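Heads up, the thing below is written out as structure tokens.
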Amino acid sequence: MIMALPLCLVATGTSAAERQQPRAEIFTDLLKCREISDDKGRLACYDRQVGAMDSAAQRDEVVVLDKTELNKTRRTLFGFSFPKLPFLNDGDEDEKNATPQSDAMTQIEATIASAKSIGNGKWLITLEDGAEWMTTEAVTFRDPKPGMTIEIKRASMGGFMAKIAGRPVRMKRVG
């Protein structure tokens, strides 16, 4: 999966730590319009800056997400390894403090769309959202089947543990 990162991300309902991240110049220019006391000048500034943001969005230079969309993005990317990105922060506010955030994505619950045996008791499991996970150890219990619920949690040392039919199995995200 190839992902292009936006030059700017604006999220509503962000935590104090997220608000401290640097803001894109195009957004700060829009906020500066509030400082203009003349009504006509302020409106002209807003019109100009909103137009600039709209043009930047059409060129995919700016992406505006609300908290719901941000959480959907985090869920879609759950299991992949990324460098620390402030808008996709997935557990640590920064490397020094390593303080958990209340909205950190640490587990998902999903429904299995398909399951394919890849030999030696291992399985390739596709979730309803298209995410693909592979067991990294043999499944020694009931075979996973479409429609079954799967719960995947972060484990120690960067790994993932899943519960399928109530039984734990180690997994890794492959697609």
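Bear in mind that the values here come from a model prediction, so they are computed numbers and not experimental data.
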Kindly indicate whether the side chain of [X], heavy atoms from C-beta on, has any atom under 4.5 Å from the side chain of [Y].
| X | Y | answer |
| --- | --- | --- |
| Thr149 | Glu109 | yes |
| Leu124 | Val174 | yes |
| Met53 | Phe27 | yes |
| Val62 | Asp54 | no |
| Ile150 | Leu127 | yes |
| Ile118 | Trp123 | no |

| field | Set of residues satisfying side-chain contact (heavy atoms from CB on, under 4.5 Å) with respect to Arg48, sequence neighbours excluded | value | Cys45
| Nearest-0.5 Å distance, OG1 of residue Thr28 to CD of residue Gln49 | 8.5 Å
| request: Heavy atoms only: give me the nearest Pro146-Ser114 pair and the separation to one decimal. | output: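 Minimum heavy-atom separation between Pro146 and Ser114: CG-CA, 4.1 Å.
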| said: Test your reading of the model: is there a side-chain donor-acceptor pair from Asp129 to the backbone of Ala131, 3.5 Å cut-off? | reply: yes
| field | Test item: Glu137 side-chain N/O and Arg170 main-chain N/O as donor-acceptor pair under 3.5 Å | value | yes
| field | side chain to side chain contact (heavy atoms under 4.5 Å, CB included) between Ile164 and Ile125, worked out | value | CA-CA 11 Å; Ile164 305 171; Ile125 297 173; 3.6 Å; yes
| field | Criterion salt bridge (Lys or Arg N to Asp or Glu O under 4.0 Å) on Lys163 and Glu151, from CA distance to verdict | value | CA-CA 5 Å; Lys163 277 190 182 175; Glu151 182 181 299; 5.2 Å; no
| field | For Glu132, salt bridge (Lys or Arg N to Asp or Glu O under 4.0 Å) partners two or more places apart | value |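 Salt bridge (Lys or Arg N to Asp or Glu O under 4.0 Å) check on Glu132 returns nothing, list empty.
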| request: Report the C-alpha separation of Phe160 and Arg154 in whole Å, then their side-chain angles, then the decisive distance to 0.1 Å, and conclude whether the side chain to side chain contact (heavy atoms under 4.5 Å, CB included) test is met. | output: CA-CA 5 Å; Phe160 294 89; Arg154 288 191 184 281; 3.5 Å; yes
| said: Please say yes or no: joined through hydrophobic side-chain contacts below 4.5 Å, possibly via intermediate residues, are Ile112 and Met161 part of one cluster? | reply: no
Distance-only donor-acceptor hits, side chain of residues 29-40, under 3.5 Å, sequence neighbours excluded:
residue	atom	partner	partner atom	Å
Asp38	OD2	Gly41	N	2.8
Asp39	OD1	Arg42	NH2	2.5

